[in-house]
Amino acid sequence: MDSPIPILKLDDTPECTNAILAAARDLGFLYISLENSGISPSEVDQLFAISKQFFKETPTADKAACSISADNKGWSAEHSEVLDPEAQKRGDFKQAFNLGEFSLSGHAQQPLPPLLQSQEPYLSHFTQLCQKLSQKLLSHFSTALGLDPTYFHASHTPETGPSGSILRLLFYPAVPADFGSDPSDMRAGAHSDYGSLTLLFQRPGQPGLEILMPKSAGGGWRKVPVIENAVCVNIGDLLSYWTGGLLKSTVHRVVGQKGGEERFSVAYFCHPVNTTRLERIPSEMVREMGERGANEGKVLTAMEHLEGRLAATYGWKKK
Ligand SMILES: O=C(O)CCC(=O)C(=O)O
Ligand SMILES: [Fe+2]
């Protein structure tokens, strides 16, 4: 299938590390085969089965009882999130449920609707798999940038402290008849992701993701096909900050068309522990090739940055 982004198989070779770096630098997006990823296709299927049952069978009142709040956990109704507030008149045509970090003993630290509560052990397990895969990818990045493979580990380990990491179940209902009556209508508006990196699980036959190609790669929106048994990885704003823009936090969106069928996806947003400082990493490659000036102004922490981004997308007031 013609994919604008490379499809890679994880291993410990320098070739793999370099291919991951090249994709992150040139496009900010890559696919990783589930084979060797530590996450099996059947584990992904099981997660989607839970998500589907949750969105289709849970009464709205039960979802609303766990509505999202300033901690970024819980349910968001259709149109409540506006990922591209400057362009979109109507909010995103989607629902989502954000699961924040589970405790080290595997318990949710937020109220859950009954179905998700009954699946707490599995959801916690899947979150751990995502956390491990993110760590593996971060090792490839630090190695490729000339740092120790463990450079990002402590700042991305729940044992170090709480973080804004989220496992997000997404549901895009069948596209309604009036979709597109405003040209800014989107299933998910154009945005970059806020964390370190994102793992995105999609379903065959349910496309919609598009990425804004960097100018060096021709620019313009390109469709990203769903690749079976692979997870899409994209660089978030923080890895871009830390590397002075060397790694790209690429803008993307989810489009819909009249008559479009429902779509499910799951995103794991990997964030560093809240106190992590957003400043350039001590890499020679970043010093030489980073695009932005060195740490200008006040250095934010990961939590300050996340609060600012969430306030903009949900219209929340900054604390
Ligand atoms: O549903 C998708 O395919 C992408 C969702 C996304 O980009 C996000 O939630 O940040
Ligand atoms: Fe995203």
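Note that the coordinates shown come from a computational prediction; the quantities given were computed from them, not determined experimentally. Order of listing sets the numbers, starting from 1, for every ligand and every atom in it.
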Logged contact type for Ser265 with ligand 1, heavy-atom cut-off 4.0 Å, is side chain
Under 4.0 Å from one or more heavy atoms of Phe269, ligand 1 contributes atoms 8 (C), 9 (O), 10 (O)
The Fe ion (ligand 2) -> Asp193, closest N, O or S atom is OD1
Parallel, tilted or perpendicular: which describes the rings of Phe269 and His271, with under 30° parallel and over 60° perpendicular? perpendicular
Per-atom filter on ligand 1: closer than 4.0 angstrom to a heavy atom of His252 are 7 (O)
Heavy-atom proximity to atom 3 (O) of ligand 1, picking from Gln206, Glu81, Arg263, points to Arg263
Ligand 1 atoms nearer than 4.0 angstrom to some heavy atom of Val254 are 1 (O), 2 (C), 3 (O), 4 (C)
At the Fe ion (ligand 2), NE2 of His252 and NE2 of His191 open up to roughly (10° bins) 90°
Between Leu10 and Ile32 the two heavy atoms that sit nearest each other are CG-CG2, 3.8 Å
Side chain to side chain, Ile39 and Leu133, heavy atoms closer than 4.5 Å: yes
Counting heavy atoms under 4.0 Å, the part of Thr198 that contacts ligand 1 is neither
In the structure I gave you, are the side-chain heavy atoms of Phe55 and Leu169 within less than 4.5 Å of one another anywhere? yes
Do the charged groups of Asp237 and Lys248 touch, with an N to O distance under 4.0 Å? no
Honestly, for Asp193 the part within reach of ligand 1 (heavy atoms, under 4.0 Å) is side chain
ask   = When the ring planes of His156 and Phe152 are compared, do they come out parallel, tilted or perpendicular, using 30° and 60° as the limits?
value = perpendicular
Ranked by distance from atom 5 (C) of ligand 1, the top protein heavy atom is Tyr172 OH, 3.5 Å
message: Taking Phe171's backbone N and O only, do any of them form a donor-acceptor pair with Lys94's side chain (distance below 3.5 Å, no angle check)?
response: no
When you check the side-chain N and O atoms of Lys73 and Gln109, is any donor under 3.5 Å from an acceptor? no
shortest atom 10 (O) of ligand 1-to-protein heavy-atom contact is with His191 NE2, 3.0 Å
